[in-house]
Every structure is written in structure tokens, then in C-alpha cells.
Colleague: 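Mind having a look at this structure? Questions to follow.
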Amino acid sequence: MHSAPNKEADCNGSSDAGTAQRLAAVLARIRAAELRFGRVPDSVELLAVSKVQPATLIADAFDAGQRAFGESYVHEALEKQARLQSLPLTWHFIGRIQGNKTRDIATHFDWVHSLFDIRHARRLDAQRPPERGPLPVCVQVNLSGEASKGGLAPAEVAGFIDQCASLPNLRIEGLMTLPAPGADFDAQRRPFAALRELRDRLARTNLPLPVLSMGMTDDLEAAVAEGATIVRVGTAIFGPRPAAKPETTDH
Ligand SMILES: *Cc1c(COP(=O)(O)O)cnc(C)c1O
């Protein structure tokens, strides 16, 4: 008999051992990939993607040692931040940026992974509260050319970063990509290798970009193999995201 996840129903903050176990399993996957692909141990940071998941699960992950969380929807993220404000968390915005949300992003987030529109860059720069220091950002790159996905074409990245150089309240830290799912490990590695090669080319032209934000639940090993410094993992930590379906329990 499997134990039922009754703690889901307990809103008093009792921690969910399932979240802690899944988090530990993801960290073990990252460590194993670092070892297997000759990466420096502990050089890959885990961003726990908590979009659409309740604040209680974020608190569980915090109890298990996780500090950095990724959110895609500003309104939802701000509600959760308010509920969890007593915890020393760092919040990464990884979703599609909307022009009317840049002030909230600049004010309430510690990182942005998904910047690729110079108008958004200018707004984030102008709206970043000075006391928070420059906002670290990754430039999102679209390597597959899928029209549905955001991001700059690789050839546009250097010019974009040049334009951002005059924005003192943004600090361009690296590149981010969100590729289409690869059919196998080699196919998964290809876009990550392309992002790393782009990063290396830019470094040779005096644009150092230490951060590579790439890899998710299904392809984090491939991303670590190709030099990811941040992997963004949701499902493997928090379970499937609640959809619009009213009933998502397993019985
Ligand atoms: C949702 C999301 C993730 C996490 O995806 P999982 O497959 O659940 O690990 C990572 N990055 C971005 C940009 C996302 O939107």
C-alpha cells in the first residue's frame, strides 16, 4: 500500500518529504552529470522552477535547502513572494516578458533569464530600484528558429549586448535557451553545444558571458555535458504542473 500524499491537504506548513526526496534526486543527477562529463563538482547551480506550483511546495523545497526559484508569471510570482517573504529566497524570472510588467520584474526579481527585446531591456534598466543594484540578466537565444519561441537569432546576440552596454542597471551575465525536446541524448546536446559555442565566440570578441542557463527536467544531463552553469528544473522537483484541470489527484 502506498502512503497517500495527505500532507498536501495540510496548510500549516508541515514539510512534504516527497519534495525533499525529489530535490535530492535532482541534485544527485546534476552531480552525476558533472562527474561523468568532467565538470567541476558543484559548478552547476539548480534553479527550482516553481511556476504554477503553490507556495507550500516552495517552502518545502526551502526546508530541504533550495534557495533559488524560477517563475514565469509575474502576478502569480508576486503573490507567492509575499507569502514567503520571511524566507531568504532568490527569484529568477524565466517567462515571457511583457512591457507592462517590467517594473514588477525589475523591482521584485533577482535575475531575469528571458531578455531578448531591447525595449524591455531599456525599461528594466530605467525601472530597476538603485538600492537593489544592477539586475543580472541572461539573453534568451532561439537556436531552432521556432517562431513560437522567444529569443534572438544567434547572429543578433552581439549587437543586442552592445546596445545593452549603455544600460548601467542591467548586467548581462550570460545566455539562456529553451530548445525543442530532443529525440535522444545526442539530439538534446546539439542546441546546448550551439549555445556554448556562441558564448565562446562572443568571449573571444571581448564579451565574456560566464552563465549558460540551459537544461530542464528531461535534458539536464545533456546541458551539463555542454557546459550549463544553471539548470532550470520544475517537474522533477515539484511533480507535474497543475493544469487547468479541476482534478489532478491520482485516484
Ligand atoms: C517551465 C520551464 C522550465 C522547467 O521545465 P521542466 O520540464 O518542468 O523541468 C524551465 N525553463 C523554462 C523557461 C520554463 O518555462
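Along the sequence shown, residues carry numbers from 1. Keep in mind that the numbers below use all heavy atoms, side chains included, and drop hydrogens, waters and symmetry copies. One-based numbering, in listed order, for ligands and for the atoms of each.
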Colleague: For a salt bridge (Lys or Arg N to Asp or Glu O under 4.0 Å) check, start with the C-alpha distance between Glu221 and Arg29, then their side-chain angles and the critical distance, and finish with the verdict.
Modeller: CA-CA 7 Å; Glu221 283 86 359; Arg29 280 176 64 187; 2.8 Å; yes
Colleague: Enumerate the atoms of ligand 1 whose separation from the nearest heavy atom of Arg232 is less than 4.0 angstrom.
Modeller: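 The list of qualifying atoms is 4 (C), 9 (O), 10 (C), 11 (N), 12 (C), 13 (C).
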Colleague: Which protein heavy atom lies closest to atom 1 (C) of ligand 1, and at what distance to 0.1 Å?
Modeller: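 For this ligand atom, the closest protein heavy atom is Lys51 NZ, 1.5 Å.
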Colleague: Going through the checks in order, is the salt bridge (Lys or Arg N to Asp or Glu O under 4.0 Å) test met by Glu197 and Arg199?
Modeller: CA-CA 5 Å; Glu197 285 159 12; Arg199 189 275 307 273; over 6 Å; no
Colleague: I need the atoms of ligand 1 closer than 4.0 Å to a non-hydrogen atom of Thr235, numbered in the order shown.
Modeller: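 Answer for ligand 1: 6 (P), 7 (O), 8 (O), 9 (O).
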Colleague: Using a strict 4.0 Å cut-off to heavy atoms of Gly234, name the atoms of ligand 1 that fall inside it.
Modeller: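 Numbered from 1, ligand 1 contributes 4 (C), 6 (P), 8 (O), 9 (O).
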Colleague: State which residues pass side-chain contact (heavy atoms from CB on, under 4.5 Å) with Glu156; sequence neighbours excluded, sorted by chain then number.
Modeller: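 For Glu156, the residues satisfying side-chain contact (heavy atoms from CB on, under 4.5 Å) (neighbours in sequence not counted) are Leu152, Ala153.
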Colleague: Taking salt bridge (charged side-chain N to carboxylate O under 4.0 Å, His left out) as the cut-off, I'd like each qualifying pair that reaches into residues 124-142, sequence neighbours left out, listed once.
Modeller: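 Counting only pairs at least two positions apart or across chains, the salt bridge (charged side-chain N to carboxylate O under 4.0 Å, His left out) contacts touching residues 124-142 are Asp110-Arg132.
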Colleague: With a 4.0 Å cut-off on heavy atoms, is Asp218 touching ligand 1?
Modeller: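 The answer is no, since Asp218 has no heavy atom less than 4.0 Å from ligand 1.
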Colleague: Among all the protein's non-hydrogen atoms, which is closest to atom 10 (C) of ligand 1, and how far away is it?
Modeller: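 Closest protein heavy atom to atom 10 (C) of ligand 1: Met216 SD, 3.2 Å.
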Colleague: Among Thr217, Val231, Val233, Ile94, whose heavy atom sits nearest atom 13 (C) of ligand 1?
Modeller: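 Residue with the shortest heavy-atom distance to the ligand atom: Ile94.
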Colleague: Is it the case that more than 12 heavy atoms not belonging to Asp218 sit under 6.0 Å from its CG atom?
Modeller: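 No, CG of Asp218 has 12 or fewer neighbouring heavy atoms, counting only those of other groups under 6.0 Å.
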Colleague: Measuring from the heavy atoms of His113, does anything fall under 4.0 Å of ligand 1?
Modeller: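 Under 4.0 Å: no for His113.
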Colleague: Taking only Lys NZ, Arg NE, NH1 and NH2, and the carboxylate oxygens of Asp or Glu, determine whether Lys51 and Glu76 approach each other closer than 4.0 Å.
Modeller: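 So Lys51 does not pair with Glu76 through a salt bridge.
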